[in-house]
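What follows is one structure encoded as structure tokens, with my remarks underneath.
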Amino acid sequence: MPASLTPPLPTALQVEITSACNLRCAMCLVRYRPPVNKLAGAMPFATLRRLVDDVPGLRRLTLQGLGEPLLAPDLLEMVRYAKSRGVRVGFNSNATLLSRERADELVAAGLDWLHVSLDGADAPTFEGIREGARFDRVLANLAGLVEAKRAAGSATPWLRVVFVAMRRNVNQLAELVALLGRIGVDDLRVQNLSHSFGDTDPAGAYREIREYAADQALWTGADRRVAEAAYAAAGRVAREHGVALRLPEPAGSTRPGCGWPWDSAYVTSQGVVQPCCMVMGDDRMSLGRLAERSFPEIWAGPAYQEFRRRLRDGDPPEVCRGCAMYHGVF
């Protein structure tokens, strides 16, 4: 990790442009919190524009957080503004709202990439994880985006499917690889659950998601061996179908650590600046608020400096200790 406690302003940011979502996914904090209204949960365009303007060296902007970006009222305007500033922009989506019309709009706006969550190879598994989604609709929307790009003669948005590996679905990974190959998606990223929430009160507000992570995580022991067998099988199928497959690092293959607080930042829909997207929850960590100070002031402020110091010196903040990315297994 870099030594400086006040690095140059980042070239990449992740911004939660809405905290509203139309699904209640089993491994997401949204499921365990009251629903958020589409308008109340939206980041105003003026906030996003001010943030982008305050980081003149910005080159990559990810418009996602706990909510579904396609619910954000100003999504297209945000994409166009980022592009006008020479910034590459994309986001992750559950794709349930990715109609052909919306796909055409995103292609025309110049969206650079789109990651789509697909955590199963059949309807019962996928719909059991992504409550409120329909497997056939997501597949149709994926195919529609591929066709929209083809019709526009556009190579973008670059399309990737993201699979969150858990005990309940990892045995379907090879089948999913084959399915993606058939519909024309040639990039798949497999990731683990993001956090153990071990820093939270076992009986507190994060109890349910903490218990879910304990029940479904594949980080260690026999679970990890099962996962590695599934990954090997998926790798063979990926080679057959020409699908680029990115898998998590094996446990213990990297030293704990994280460069996020030097390289990027995460901003919630309410303007709370956090070190990364892995934190989950405005109440778990705040390094400053955009309503009170500008992003450059927060980035160079004492809270950020202390956060970086603890990571650099091997005494990570509590919120980092259960993080899959900190331990190199995300």
Verdict with supporting geometry, Val116 and Val162, side chain to side chain contact (heavy atoms under 4.5 Å, CB included): CA-CA 6 Å; Val116 173; Val162 178; over 6 Å; no
Pairs where residues 18-39 contributes a residue and the test salt bridge (charged side-chain N to carboxylate O under 4.0 Å, His left out) is met, not counting sequence neighbours: Arg31-Glu131
Check against side chain to side chain contact (heavy atoms under 4.5 Å, CB included), Val226 and Leu218: CA-CA 8 Å; Val226 168; Leu218 298 168; 5.7 Å; no
Salt bridge between [X] and [Y], side-chain N to carboxylate O under 4.0 Å?
X      : Y      : value
Arg321 : Glu318 : yes
Glu147 : Arg150 : yes
Glu228 : Arg224 : yes
Arg60  : Asp112 : no
Asp187 : Arg246 : no
Asp54  : Arg50  : no

Please check: side-chain N/O of [X] versus main-chain N/O of [Y], any donor-acceptor pairing under 3.5 Å?
X      : Y      : answer
Gln14  : Gln64  : yes
Glu297 : Ser294 : yes
Arg312 : Ala3   : yes
Asn37  : Leu39  : yes
Asn169 : Val164 : yes
Ser286 : Val272 : no
Tyr326 : Val319 : no
Glu16  : Ser269 : yes
Glu68  : Asn94  : yes
Arg167 : Asp215 : yes

Is there a side-chain contact between [X] and [Y] (heavy atoms, below 4.5 Å)?
X      : Y      : answer
Asn171 : Glu175 : no
Val36  : Cys21  : no
Cys28  : Leu66  : yes
Glu127 : Arg134 : yes
Cys320 : Phe307 : yes
Val89  : Leu63  : yes
Leu58  : Thr11  : no
Phe163 : Gln191 : no

Heavy atoms only: give me the nearest [X]-[Y] pair and the separation to one decimal.
X      : Y      : value
Tyr231 : Leu173 : CD2-CD2, 3.6 Å
Ser93  : Leu114 : CB-CD1, 4.0 Å
Pro10  : Asp263 : CB-O, 3.2 Å
Ala165 : Val190 : CB-CG1, 3.9 Å
Gly288 : Arg293 : CA-NH2, 4.1 Å
Gln216 : Arg168 : OE1-N, 3.0 Å

Give a yes-or-no answer on whether the side chains of [X] and [Y] include a donor-acceptor pair shorter than 3.5 Å.
X      : Y      : value
Asp119 : Thr125 : no
Asp282 : Gln270 : no
Asn92  : Ser117 : yes
Thr156 : Ser154 : yes
Thr268 : Gln274 : no

Criterion salt bridge (charged side-chain N to carboxylate O under 4.0 Å, His left out) on Glu105 and Arg102, from CA distance to verdict: CA-CA 5 Å; Glu105 291 173 340; Arg102 179 51 66 93; 3.0 Å; yes
When rounded to the nearest 0.5 angstrom, what is the spacing between [atom1] in [X] and [atom2] in [Y]?
X      : Y      : atom1 : atom2 : result
Met280 : Tyr266 : CE    : OH    : 9.5 Å
Ser194 : Phe330 : OG    : CZ    : 6.0 Å
Phe197 : Ile209 : CZ    : CD1   : 4.0 Å
Leu188 : His115 : CG    : NE2   : 11.0 Å
Arg59  : Arg85  : CZ    : CZ    : 9.0 Å
Asp223 : Met166 : CG    : CE    : 13.0 Å

Is the cationic atom of [X] (NZ for Lys, CZ for Arg) positioned less than 6.0 Å from the six-membered ring centroid of [Y] and within 45 degrees of its normal?
X      : Y      : result
Arg225 : Trp219 : no
Arg308 : Trp260 : no
Arg284 : Tyr206 : yes

Taking [Y] as the starting point, is it possible to reach [X] by hopping between hydrophobic residues whose side chains are less than 4.5 Å apart?
X      : Y      : result
Trp262 : Phe295 : yes
Ile129 : Leu23  : no
Phe45  : Leu13  : yes

Identified side chain to side chain contact (heavy atoms under 4.5 Å, CB included) counterpart of Leu139 within the set Leu118, Leu180, Val185: Leu118
Criterion side chain to side chain donor-acceptor pair (under 3.5 Å) on Asn22 and Thr96, from CA distance to verdict: CA-CA 9 Å; Asn22 60 327; Thr96 59; 2.7 Å; yes
Verdict with reasoning, Leu70 to Phe91, per side chain to side chain contact (heavy atoms under 4.5 Å, CB included): CA-CA 9 Å; Leu70 291 175; Phe91 58 87; 4.0 Å; yes
Partner residues of Phe135 under the ring pair (Phe, Tyr, Trp, His ring centres under 6.0 Å) criterion, sequence neighbours left out: Phe126
Full working for side chain to side chain contact (heavy atoms under 4.5 Å, CB included) between Glu249 and Val329: CA-CA 5 Å; Glu249 292 291 333; Val329 296; 5.7 Å; no
